[in-house]
Peer 1: 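Please find one structure pasted underneath; my questions will follow.
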Amino acid sequence: MAFSLPHFPAQTLTAPTAITQFPDNPKTLILKQCKTIKDLNQIHAHLIKTRLIHNPRVAENLLESAAILIPDIPMDYPISIFEKLEEPDSAAYNLMIRFFTLKQSPNEAILLFNEMCERSVRPDEFTFPCILKACSKLHALKEGEQILALIMKYGFGTDGFAVNALLGLFASCGKVEVARHVFDGMPERSVVTWNSMFSGYTGSGCWEEVVGLFRKMLEMEVGFDEVTLVCVLKACGRLAEIELGEWIHEYVEANGLKGNPALVTSLVDMYSKCGRVDTARRLFDEMPRRDFVAWSAMISGYGQASRHREALELVHVMQKTNIEPTEVTMVSILFSCAVLGALETGKWVHSYVMKKRMKLTVTLGTALMDLYLKCGSVGNAIEVFRKMPSKNVFSWTVLIQGLANNGQGKKAIGFFHSMVEKNITPNNVTFVAVLCACSHAGLVDEGRGFFASMNRDFDIEPMIEHYGCMVDILGRAGCIEEAYEFINNMPIQPNAVIWRTLLASCRVHKNVEIGERSLKNVVRLESAHSGDYILLSNIYASVGRLEDAVRVRNQIKEEGIKKMPGCSVIEMDGIIHEFFSEDNIHPDSEEVYNATENMMKKIKLAGYVPNTSGARLDAEEDDKESSISHHSEKLAIAFGLIRTSPGTTIRITKNLRVCMDCHNATKMISKVFDREIVVRDRNRFHHFKDGSCSCNDYW
DNA sequence: GCTGCTCTGC
């Protein structure tokens with residue numbers, strides 16, 4: 001990629017000076033060197049003693065130090081100085097407006113601006129950028145427009161700072177076109193002007209525009225700075241623009257900018273989102289100081305790359321540092337916990353959130369609910385839901401989908417009705433969740449009703465996912481012919497997922513003819529998985545056509561179709577243990593195999609009969625039995641039995657669907673060993689207890 | 001002296 005390297009503005013460094021002694025005649029300069037509230041208190045006392053405080057210029061400098069220069073100052077300190085001013089001028093008001101905006105009280109800033117106008121204090125050129133920033137924070141477009149009128153009235157319409165701030169206001173309110181209009185009309189643009197435009201595009205998710213504008217900037221040989229690069233990197237990540245991202249990385253290296261944590265964190269984020277998480281990790285490891293944002297970015301980077309185990313390993317490293325994670329960090333951690341089904345780590349996050357009294361934001365609350373629902377802890381999820389001070393359509397959707405997956409379809413539908421009653425408008429994802437609930441609960445007529453309602457009552461056009469849900473509803477309930485007709489009459493082209501869904505229903509209801517046609521359609525639309533062939537093979541086996549069953553199985557080998565190895569995961573003391581079918585990768589695999597054998601012996605005594613119809617049909621009976629007894633979830637359950645104390649619930653997460661034999665075996669295990677076992681497969685949950693399963697053998 | 005700054009859930 002050929003870019004010209006524009007000149008990069010030099011950084012200015014100001015070395016902080018400690019106040020060591022007190023001059024007899026304090027100059028305002030001293031005040032600006034105050035770094036702590038203690039310094040300020042000393043000077044303040046001195047000014048009162050010497051009555052210098054009554055000098056308006058001195059008092060104003062004191063106010064500036066208190067309001068702007070000292071971090072973490074109590075709110076009332078600058079307020080009390082301001083209130084003692086006899087006749088505050090525009091400069092004093094400006095300082096206070098900036099102070100309130102800085103301290104996240106933009107409302108107070110606007111009130112003060114009103115007071116300023118009422119007291120007929122004439123605003124100066126510094127007033128408008130300050131007050132517009134307060135409006136930006138509040139997304140107060142109306143107020144901003146009134147201020148625009150005042151800017152023109154007082155003749156600051158050509159002031160660069162005022163126009164920049166105005167541009168920033170439009171940008172932050174999502175009015176990117178208006179902002180761009182202002183931008184294009186400006187005779188001169190500073191780097192801040194460009195950055196305001198970038199940040200507006202970024203805030204509205206206009207990633208292409210960010211990259212386009214940056215290329216224009218390079219063409220015009222306009223100097224950019226670190227803030228520009230942060231915005232552009234964010235866009236590169238979303239667009240997977242790895243080439244531009246790498247170019248920026250080179251630029252950062254060449255210009256010695258790796259000391260800027262925000263910039264390097266943006267690089268980490270960009271590389272993660274472009275799928276180059278190892279490069280991201282290298283940069284992260286090289287950072288001299290890693291703040292909580294850097295940790296959050298790296299943890300979420302692993303999550304987005306589906307490398308959840310590494311995400312949680314990094315969390316354990318972070319716990320050993322002094323870094324205080326925030327709500328944002330917690331959301332990323334919870335996401336990985338939820339995917340893995342890592343309930344222990346997730347519960348640690350929850351207790352940490354409570355201990356630190358973190359705000360239960362919509363995002364955090366929803367992520368917590370998602371964790372509990374994906375770990376099969378429905379009660380905990382509902383408790384979080386009830387405690388959330390505000391909920392949005394995501395929160396409701398997560399709850400409905402989660403209940404559906406946990407076999408509580410009717411409850412899920414109940415929550416959908418209360419959501420509508422509370423005037424939360426469902427979106428298309430909500431309807432996927434609702435239809436899923438109908439499918440898991442076997443509610444055919446309700447499903448038809450919701451499908452019809454989404455377009456009629458909510459103006460949502462059904463998408464391929466919704467059609468897929470309907471096929472699943474009809475197929476699972478045994479209406480195979482109707483499902484087949486439904487697919488043929490769909491107004492959109494069916495995809496492989498749709499046909500795969502019907503194929504799975506044909507397996508349950510032993511429909512050979514439509515099963516064969518479904519597989520043909522899957523193969524026609526995309527390269528089929530081994531699982532698709534196994535489904536058809538099992539259909540043949542279930543109606544006694546063993547030769548056909550073997551033939552289809554052999555096709556997998558002959559045609560070199562990739563097999564997805566079965567994998568089950570169990571968490572123990574925060575460590576994720578993975579088991580694959582018939583593998584011995586796990587460090588304790590000998591012990592695990594022995595435990596599995598014992599477990600199988602015990603349940604056989606209690607009446608379990610191996611069901612080998614899902615095993616390789618060309619194998620000898622003994623081999624078949626041994627092969628199915630080494631399915632990954634049996635290994636994981638056996639490991640759980642020997643490593644946890646009696647009575648503890650065993651939680652397994654697996655990547656494929658549960659096979660018939662494992663389902664039967666697990667029911668028996670739950671009875672013989674008196675354990676609750678929760679298995680999350682790729683579609684839904686199975687809660688095993690006392691020899692039965694929450695899915696009522698319908699999955 | 002003012003304006004722009006990275007990490008989040010289906």
Side-chain angles (χ1 to χ4, degrees), chain A residues 32 60-61 64 67-69 91 94-95 97-98 101-102 124-133 136 156 159-169 171-172 189-200 202-203 224-234 237 260-270 272-273 284 290-301 303-304 325-335 338 361-371 373-374 391-402 426-433 436 465:
Chain A
K32 295 202 175 157
E60 215 159 83
N61 276 291
E64 181 181 358
I68 311 291
L69 300 177
N94 295 348
L95 284 170
I97 290 171
R98 272 175 76 199
T101 310
L102 201 70
D124 61 20
E125 74 260 43
F126 298 117
T127 311
F128 292 109
C130 296
I131 192 66
L132 283 170
K133 185 175 172 123
S136 295
F156 295 120
D159 178 75
F161 284 105
V163 181
N164 272 346
L166 195 65
L167 171 65
L169 172 73
S172 71
R189 304 182 193 105
S190 69
V191 81
V192 177
T193 315
W194 286 85
N195 289 347
S196 303
M197 200 58 237
F198 279 120
S199 130
T202 301
F224 53 82
D225 68 3
E226 284 125 301
V227 178
T228 323
L229 296 180
V230 165
C231 288
V232 179
L233 283 171
K234 187 169 175 169
N260 180 334
L263 192 49
V264 181
T265 302
S266 299
L267 281 169
V268 167
D269 180 51
M270 181 277 296
S272 302
K273 288 203 166 72
F284 175 80
R290 285 179 282 263
D291 64 358
F292 64 91
V293 183
W295 284 92
S296 304
M298 196 62 240
I299 292 167
S300 92
Q304 287 166 57
T326 65
E327 294 103 275
V328 178
T329 326
M330 292 313 188
V331 172
S332 301
I333 301 173
L334 286 168
F335 176 64
T361 57
V362 184
T363 315
L364 180 57
T366 307
L368 268 171
M369 282 168 49
D370 194 41
L371 164 88
L373 290 163
K374 286 212 169 84
K391 312 167 178 78
N392 62 12
V393 62
F394 288 111
S395 327
W396 287 89
T397 302
V398 164
L399 181 64
I400 293 166
Q401 179 77 58
N427 63 21
N428 58 334
V429 186
T430 318
F431 272 101
V432 172
C436 246
E465 290 86 347

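Not measured: the values here are computed from a predicted model. Below, chain A is the first sequence line, B the second, and so on; all start at residue 1.
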Peer 1: Could you state the CG-P distance from A:Asn94 to B:dT3, rounded to the nearest angstrom?
Peer 2: 11 Å
Peer 1: Side chain of A:Val429, heavy atoms from C-beta onward: which of B:dG1, B:dC10, B:dT3 has the nearest atom to it?
Peer 2: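 Of the candidates, B:dC10 comes closest.
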Peer 1: Working to the nearest 0.5 angstrom, can you tell me the gap between A:Leu263 CG and A:Leu267 CG?
Peer 2: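 Nearest 0.5 Å value for the CG-CG distance: 5.5 Å.
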Peer 1: Checking A:Phe161 now: which residues fulfil side chain to side chain contact (heavy atoms under 4.5 Å, CB included) with it, not counting sequence neighbours?
Peer 2: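 Scan of A:Phe161 (side chain to side chain contact (heavy atoms under 4.5 Å, CB included), adjacent residues dropped) gives A:Pro129, A:Asp159.
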Peer 1: With sequence neighbours left out, what residues match A:Thr228 under side chain to side chain contact (heavy atoms under 4.5 Å, CB included)?
Peer 2: A:Val191, A:Asn195, A:Phe198, A:Phe214, A:Met217, A:Phe224, A:Asp225, A:Val232
Peer 1: In terms of side-chain heavy atoms of A:Thr265, which of B:dT6, B:dC10, B:dG4 is nearest?
Peer 2: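 That would be B:dT6.
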Peer 1: Give one of base, sugar-phosphate or nothing for A:Val264, where a contact means two heavy atoms less than 4.0 Å apart.
Peer 2: nothing
Peer 1: Checking A:Thr127 now: which residues fulfil side chain to side chain donor-acceptor pair (under 3.5 Å) with it, not counting sequence neighbours?
Peer 2: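 Partners of A:Thr127 under the side chain to side chain donor-acceptor pair (under 3.5 Å) test: A:Asn94, A:Asp124.
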Peer 1: Under 4.0 Å, counting only non-hydrogen atoms across every strand here, what does A:Glu327 touch: a base, just sugar-phosphate, or nothing?
Peer 2: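 Nothing, no nucleic acid heavy atom in range.
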Peer 1: Once you round it to whole Å, what is the distance between C1' of B:dG1 and CG of A:Leu95?
Peer 2: 8 Å
Peer 1: Which nucleotide, B:dT3, B:dC7, B:dT8, lies nearest any side-chain atom of A:Val331?
Peer 2: B:dT8
Peer 1: Would you give me the side-chain donor-acceptor pairs under 3.5 Å for residues 291-301 of chain A, sequence neighbours excluded?
Peer 2:
| unit_1 | atom_1 | unit_2 | atom_2 | d |
| --- | --- | --- | --- | --- |
| A:Asp291 | OD1 | A:Val293 | N | 3.3 |
| A:Asp291 | OD1 | A:Ala294 | N | 3.0 |
| A:Ser296 | OG | A:Phe292 | O | 2.7 |
| A:Ser296 | OG | A:Thr329 | OG1 | 2.9 |
| A:Ser300 | OG | A:Ala297 | O | 3.4 |
| A:Ser300 | OG | A:Gln304 | NE2 | 3.2 |

Peer 1: Which nucleotide wins on minimum distance to the side chain of A:Lys273, given the candidates B:dC7, B:dG1, B:dC10?
Peer 2: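 Of all the options, the side chain of A:Lys273 is nearest to B:dC7.
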Peer 1: By the 4.0 Å heavy-atom rule, please label A:Val230 as base, sugar-phosphate, or nothing.
Peer 2: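 Counting heavy atoms under 4.0 Å across all strands, the contact made by A:Val230 is with sugar-phosphate only.
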Peer 1: Enter the distance from A:Ile97:CD1 to A:Thr101:OG1 here, rounded to the nearest 0.5 Å.
Peer 2: 7.5 Å
Peer 1: Can you confirm whether A:Ser266 sits close enough to A:Lys234 that some side-chain heavy atom of one is under 4.5 Å from a side-chain heavy atom of the other?
Peer 2: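 Answer no - side chains too far apart.
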Peer 1: Would you say A:Ser300 reaches B:dT8's phosphate, i.e. side-chain N/O to OP1/OP2 under 4.0 Å?
Peer 2: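 Checking B:dT8 against A:Ser300, a side-chain N or O does come within under 4.0 Å of OP1 or OP2.
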Peer 1: Is the shortest side-chain N/O distance from A:Lys234 to OP1 or OP2 of B:dC5 below 4.0 Å?
Peer 2: no
Peer 1: Within the 4.0 Å heavy-atom criterion, would you say A:Phe335 contacts the bases, only the backbone, or no part of the nucleic acid?
Peer 2: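 The answer is sugar-phosphate, as A:Phe335 gets under 4.0 Å only of primed atoms, P, OP1 or OP2.
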Peer 1: Starting the side chain at C-beta, find the nucleotide from B:dG1, B:dT6, B:dC2 nearest to A:Ala91.
Peer 2: B:dG1
Peer 1: What integer distance in Å separates A:Leu267:CG from B:dC7:P?
Peer 2: 12 Å
Peer 1: Rounded to whole angstroms, how far apart are CG on A:Asp269 and P on B:dT8?
Peer 2: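 These atoms are roughly 6 Å apart.
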Peer 1: Can you check whether A:Gln304 has a side-chain N or O nearer than 4.0 Å to OP1 or OP2 of B:dC7?
Peer 2: no
Peer 1: At under 4.0 Å, does any side-chain N or O of A:Thr329 touch on OP1 or OP2 of B:dC7?
Peer 2: no
Peer 1: Grab the CG-C1' distance between A:Leu166 and B:dT3 for me, whole Å please.
Peer 2: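 Interatomic distance, CG of A:Leu166 to C1' of B:dT3: 11 Å.
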Peer 1: What is the distance from CG of A:Leu102 to C1' of B:dG1, rounded to the nearest Å?
Peer 2: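 To the nearest whole Å, that distance equals 14 Å.
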Peer 1: Looking at residues at least two apart in the chain, or sitting in another chain, which of them share a side chain to side chain contact (heavy atoms under 4.5 Å, CB included) with A:Lys391?
Peer 2: A:Phe385, A:Met388, A:Ser395, A:Trp396
Peer 1: Starting at CG of A:Asp225 and ending at C1' of B:dT6, how long is that distance when rounded to a whole Å?
Peer 2: 14 Å
Peer 1: Choosing from B:dC7, B:dC5, B:dC2, which nucleotide comes nearest the side chain of A:Val227?
Peer 2: B:dC5
Peer 1: Quick check: any donor-acceptor pair below 3.5 Å linking the side-chain of A:Ser266 to the base of B:dT6?
Peer 2: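 When only heavy-atom distances are counted, A:Ser266 does not reach the base of B:dT6 through any donor-acceptor pair under 3.5 Å.
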Peer 1: Looking only at side-chain atoms of A:Val192, point me to the closest of B:dT3, B:dC10, B:dC7.
Peer 2: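 Per side-chain heavy atoms of A:Val192, the pick is B:dT3.
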Peer 1: In residues 391-401 of chain A, which residues come under 4.0 Å of DNA chain B by heavy atom?
Peer 2: A:Asn392, A:Phe394, A:Val398
Peer 1: Please state how far atom CG in A:Leu263 lies from atom C1' in B:dG4, giving the value in whole angstrom units.
Peer 2: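 Atom CG in A:Leu263 sits about 14 Å away from atom C1' in B:dG4.
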Peer 1: Is there a donor-acceptor contact under 3.5 Å linking the side chains of A:Ser190 and A:Thr193?
Peer 2: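 Indeed, the side chains of A:Ser190 and A:Thr193 share at least one donor-acceptor pair under 3.5 Å.
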